[in-house]
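Remember, it's 1-based here, ligands and their atoms both numbered in the order they're listed.
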Amino acid sequence: MAQKFCLSIMFVFSSVILSLQLHAQSVPNPYHYVSHKKIDCKHGAVVSAHPLASQVGVSVLKKGGNAVDAAIATQLALAVVYPGAGNLGGGGFMVACLSGGKKIALDYREKAPAAASKDMYLDAKGDAQPNLSQNGHLASGVPGTVAGIFAALKYCRLPFKKLIQPAIDLAEKGFVITAAEARSLNETQEDFKKYNTVMPVFVKGSAWKAGDTLIQKDLAKTLKMIRDSGAKGFYEGETARLIVEEMQRGKGIITYEDLKNYAAKERDPVVVNYKSDYTIVTMPLPSSGGVLLPQMMRMIEDQPIKSYGFQSVQSVHLMTEIERLAYADRAKYLGDKDFFKVPTKTLISYPYLYHRMESYKPNVAGKSEIIGAGSIPESEETTHLNACDSDGNAVSITTTLNGEYGSRTVVAGAGFLLNNEMDDFSIKPGVANMYGAIGGDANAIAPGKRMLSSMSPTIVLKDGKPYLILGTPGGTTIITSVFQTLVNILEFKMTVQDAVFKPKFHHQWQPDVIYVEKDFPQNVRTQLQQMGYTIQQREPIGRTEVIKISEEGNIEAVGDKRGDDSAEGY
Ligand code: DON
């Protein structure tokens, strides 16, 4: 009894000492943390899907890092503490607006391996095999995340070692998992067993529960290799060997050359004005958000949406019809513009969009079988984070493995999950991917091509200064979530928290359905049904993170209530 008491006292004492030490270093305590849904602060903020990752980002700001440093450190920490979507084996996009006025769009989307081909997911009868594009070794594109991180370093202030060390510590020493993480690991156990030849740390003999410690030694080893050898620590040498051997064990096709040849790309961000006050800066193709968000904002710009009111039948009808028109264009015209000529300029031009809106009738539900893509004369797991600093830099990153835990295949010995991003290609014209999106030639598979994405990291400037930093996961719902959040704030003048927390809806042309969240008002559903719409209730839509910066420099950061998301700042 006395011994037990002594042991507990010692445990409490050592936990207190550890907490004090961690506090003194201003790094997160991985054994005790809480998520904050909203913070108000003055100097800088980070909002991401996990409290520990947001805390890592803020600790980097406090050490003198800028918003890009903080975003990179947060992204690396997410690869450890949020394995379902944070990643080394996936890809993503970064949009940033720097205090000197420079606007950046960094593309580190995965690419199809050199041995990929248009019909690689069709069987002998020509039928699509989505199981192969969604699970296991063949589902993976060549990962881009590590190349993206190194391409961003030129905008950072601190040495890379300081940005990656918190992730290494979290992987090596472990952290306690949340109830949501335990639930999702438990739900994925059978898939982990099915799609791995060597069992990863995520497979456990008994059920995971909140408070269990997750230690990832192999991942720590890979992170150290990246710390010591840079991008080559991932794309060449030991890690590349482990990836290629993993591929060979599971009939995957990623080779040493694919890895060595991968390069992130800086692109020109999409910059469009909204009314006279705001400038929207977002990701260009291969993000379809770079076309659809400007389309939707421009189609709504001169409509009296504000007078209709938030989630009134008229406003939901108007936004739904706009979404229908935009997503119909997505299916026909959008793909990697390095491989397919995309008429972006026309698609976002006012005359084209005015013409598209002619089909809109204020009191009648549209029909997707009638409303297709416009005619042009010529030819669910992802994660989002935002960071801002006291110098006026703003960063918005969305990164993904595609589905939750990606292909569910962990590179044995290297400890990270590979993406299942190949499913974002159109594996057969007209066949829906895991988000129900269809496509054709524009988004067909070709070696080295990037698959079309919906990820839309976005920054809105007011008088040239960052005003809103936002984005979300959610597959095809990403663009409509960003659209709704912008309309909520810019038109309905909602608080950021309301704009994020209120129920969302989504229409993507095909299927011809308005998806609504559980708490979407019943009376509006009924009236929309009476107009001829099909309404379908679904799981939560997105996990939207927003930072708003007032003219006076006051920062308001909000993490979505739909997950463990957390806003931190100082
Ligand atoms: O790039 C895309 O559009 C998808 N791979 C994103 C996946 C996603 O958001 C899943 N999250 N719930």
Side-chain angles (χ1 to χ4, degrees), residues 48-50 78 82-87 89-95 106-112 130 133-135 139-145 148 180 184 187-188 282-293 326-327 330-331 334-336 380-385 396-408 417-427 432-439 443 449-458 470-483 504 506 508 515 517 538-545 560 562-565:
S48 80
H50 198 284
L78 283 169
Y82 191 50
N87 66 81
F93 299 136
M94 177 181 104
V95 168
L106 190 58
D107 172 359
Y108 47 100
R109 180 72 164 164
E110 300 90 328
K111 282 180 165 195
S133 65
Q134 289 174 11
N135 298 302
S140 300
V142 184
T145 294
S184 89
E187 281 166 9
T188 319
T282 194
M283 190 68 206
L285 287 167
S287 165
S288 54
V291 175
L292 268 61
L293 192 60
Y327 277 82
R330 183 189 196 274
L334 303 193
D336 183 348
E380 243 159 258
E381 180 84 358
T382 303
T383 192
H384 184 83
L385 68 102
S396 181
I397 289 181
T398 314
T399 178
T400 190
L401 288 166
N402 196 18
E404 196 179 20
Y405 304 102
S407 63
R408 274 112 205 256
L417 281 148
L418 286 167
N419 65 83
N420 59 344
E421 220 73 61
M422 292 297 282
D423 192 60
D424 270 349
F425 279 118
S426 168
I427 63 170
N433 72 3
M434 62 194 278
Y435 301 103
I438 55 175
N443 191 31
K449 188 173 174 183
R450 288 172 155 100
M451 51 299 276
L452 187 63
S453 174
S454 299
M455 294 187 289
S456 306
T458 298
L470 74 162
T472 179
T476 43
T477 68
I478 290 173
I479 312 166
T480 47
S481 286
V482 171
F483 175 49
K504 298 218 161 50
H506 170 73
Q508 60 178 45
Y515 295 100
E517 288 189 301
R538 54 156 279 167
E539 299 294 294
I541 296 180
R543 283 168 67 167
T544 306
E545 325 285 20
D560 204 327
R562 293 166 180 82
D564 292 329
D565 310 44

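- Those atoms of ligand 1 that come under 4.0 Å of a heavy atom in Ser454, given as number and element, are 1 (O), 2 (C), 3 (O).
- Residue Arg450 comes nearest to Arg109 through the heavy atom pair NE-O, 3.4 Å, listed as atom of the first residue, atom of the second, then distance.
- Within the 4.0 Å heavy-atom criterion, the part of Arg109 lying near ligand 1 is the side chain and not the backbone.
- A donor-acceptor pair under 3.5 Å is formed between the side chain of Thr472 and the backbone N or O of Arg543.
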Would you check, one step at a time, whether the test side chain to side chain contact (heavy atoms under 4.5 Å, CB included) holds for Asn433 with Ile427?
CA-CA 8 Å; Asn433 72 3; Ile427 63 170; over 6 Å; no
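- Thr544 has its side chain within reach of Lys504: a pair of non-hydrogen atoms, C-beta onward, lies under 4.5 Å apart.
- Residue contacts with ligand 1 leave out Glu404, since none of its heavy atoms falls under 4.0 Å from the ligand.
- Of all the heavy atoms of Glu421, the ones lying under 4.0 Å from any atom of ligand 1 belong exclusively to the side chain.
- Ring-plane geometry between His506 and Tyr515 is classed as parallel, the angle between the planes falling under 30 degrees on a 0 to 90 degree scale with a further cut at 60.
- Atoms of ligand 1 found under 4.0 Å from any heavy atom of Ile478, numbered from 1 in the order shown, are 9 (O).
- Heavy-atom contacts of Thr400 reach the following atoms of ligand 1: 7 (C) (cutoff under 4.0 Å).
- Each of the atoms 1 (O), 3 (O) of ligand 1 lies under 4.0 Å from some heavy atom of Met455.
- Using a distance-only test at 3.5 Å, with no hydrogens or angles considered, a donor-acceptor pair links the side chain of Glu545 to the main chain of Asp560.
- Thr399 places a side-chain N or O within donor-acceptor distance of the main-chain N or O of Gly91, the cut-off being under 3.5 Å.
- Those atoms of ligand 1 that come under 4.0 Å of a heavy atom in Thr382, given as number and element, are 6 (C), 7 (C), 8 (C), 9 (O), 10 (C), 11 (N), 12 (N).
- Near Gly475, meaning under 4.0 Å from one of its heavy atoms, ligand 1 places the atoms 6 (C), 7 (C), 8 (C), 9 (O), 10 (C), 11 (N).
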